[in-house]
Amino acid sequence: MNNITIYYDLDSLSSKASDYYNSFVSPLICLFGLTTSMLSLVVLLNINLKEKIFVFMLANTIADFLFLFIEMFIFLIRCGSLCSISYDYIIKCYELYIYLILGYILVVFIAINDLALSIERLVILAKANRQLRNEIERELNNASGGNIDTISKSSSSSLSSSSSSASLTDSWLRHMFHQAQQCLLGCSKRPNCFSLKFALHFALASLIVVPLFLTKEIRLVGLWDFDDSLEPKELYKLETIELGANLKIVFSCISLLKGPILFGMLLAVNILVAIWFRQNISLRLQLIKLEEKRESTNPATITKLKQLSQSRHITLMTLVVCLIYLIGNSMDSIAPLLVLLRHDWDMLNKNDQYLIISNTLFFLSHGLFFFVYYAFNREFKEKFQSLFIGQRQQSLLRKFKSSMTMLSSTPFRFKKSNKNVRFNSQPFIINTLTLNSLSMSKIWSSQMSSHHSTTQQPASSPASAPASDSSSFI
């Protein structure tokens, strides 16, 4: 009881700016992310999960949904001076074991999944680039029976030089990434394979996160005397346990592994993915130019290019997903480095600007993946449209698009009919506005013909007067 302080207000325990932000802004960001994660979850559960990418998307979506659901109750944990419930013992237990431990386990689990998916894309790109180089060399060797012009020779020499310079790096990188793929992704196609891999990812995330929060404990820090007629209320906070020098070094290494090291690994792998993806695009363009010069199309080459085009969209989606994760977790990941550079956790927690920007990026990044899936995955987009737009609306939209395309591109002729108008011998039902325009055009043409006939008759003809009067009236 010697360290217990009597508080007559709660303003000294927290900052007003962070209290208002955590009470009103953060829950709205989490609610937005919950909505988008729910949409992604509904779409993915209606897709046939035969491809690996959809399984990883489903696992990350479930983790995002659970994470945002946990973080949405931040208004109970961090309301500070706005309400005293944030200092209750039960709320502090929720903050330690659910909000912090389970929340960070889900975040690290998503990072490990993204790292595994990035390594898989890197292996696929290495294999695809090797196949494209072989196809280009084959095309250059087969061109004009071995007599290659100067342009082809220069391109082959540059290709051979680039391939020879990259052969050594590609060989050991391919071996390293293949071994990493065996460890992180596995090669088995059994139904339980993905469940086992995700269970291993979750266990690895737990081993990284849980030791960090063993240094935290819930302590009674004071009493709040808010009413003289009532007993003071107990106030609890999370405090850090004092550790020895050796334990501090161990926990600092673990915190670096959770933050900057994992962050740097994901960043480095995605930089390699971007570089090899750019090489893949240049190699495909070079192969297409060689096919055009030869004026012949190889069906096997076309099939390979289509497969590479599908893989291109998945690689782009992987890069964008990892980029959003890196941006959203950047400030939270470098926090352990700031602490090691002789900054204090308490001073960092009292910096309102740092906390507000960090939490905004942190929470918002987990709600943006739906838009990435919709933009880069055609099957996800089509399934979303079929589920939420509806089959009838979608069919009407297709009919409208086809009709507008036919009207804009196809020359048409009118044929007299009672019910429809025929475009190039194909019936097409037109709307009321078109019928009105056709009837007005018929009336106008009849009037113009009658007017033309009246101008050819003599002026003294009495029969022409009513016609001319009616035409002028119209």
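Remark: Glu217 engages Arg219 in a salt bridge (Lys or Arg N to Asp or Glu O under 4.0 Å) (not counting sequence neighbours). Partners of Glu71 under the salt bridge (Lys or Arg N to Asp or Glu O under 4.0 Å) rule, at least two apart in sequence or in another chain, do not exist in this structure. Every side-chain contact (heavy atoms from CB on, under 4.5 Å) that Ile261 has, sequence neighbours left out, goes to Leu256, Leu257, Met265. Remark: Asn359 engages no residue in a side-chain hydrogen bond (donor to acceptor under 3.5 Å, both in side chains) (not counting sequence neighbours). By the side-chain hydrogen bond (donor to acceptor under 3.5 Å, both in side chains) test, Asn377 pairs with no residue at all, sequence neighbours left out. Contacts of Lys383 classified as side-chain hydrogen bond (donor to acceptor under 3.5 Å, both in side chains), with partners at least two apart in sequence or in another chain: none. Residues meeting the side-chain hydrogen bond (donor to acceptor under 3.5 Å, both in side chains) test with Ser84, sequence neighbours left out: Lys233. Checked against ring-ring contact (aromatic ring centres under 6.0 Å, His included), Tyr374 has the following partners two or more places apart in sequence or in another chain: Phe384. Legend: residues meeting disulfide (SG to SG under 2.5 Å) with Cys79, ordered by chain and number and at least two apart, are Cys83.
Among residues at least two apart or in separate chains, side-chain hydrogen bond (donor to acceptor under 3.5 Å, both in side chains) pairs with a member in residues 361-371 are Asp64-His366. Note on residues 29-47: no pairs pass salt bridge (charged side-chain N to carboxylate O under 4.0 Å, His left out), not counting sequence neighbours. Residue pairs meeting the side-chain hydrogen bond (donor to acceptor under 3.5 Å, both in side chains) criterion with at least one member in residues 21-31, sequence neighbours excluded, are Tyr21-Thr360.
In this structure, Thr215 contributes its side chain and Ile241 its backbone to no donor-acceptor pair below 3.5 Å.
A 6.0 Å sphere centred on CD1 of Ile90 holds no more than 12 heavy atoms belonging to other residues, nucleotides or ligands.
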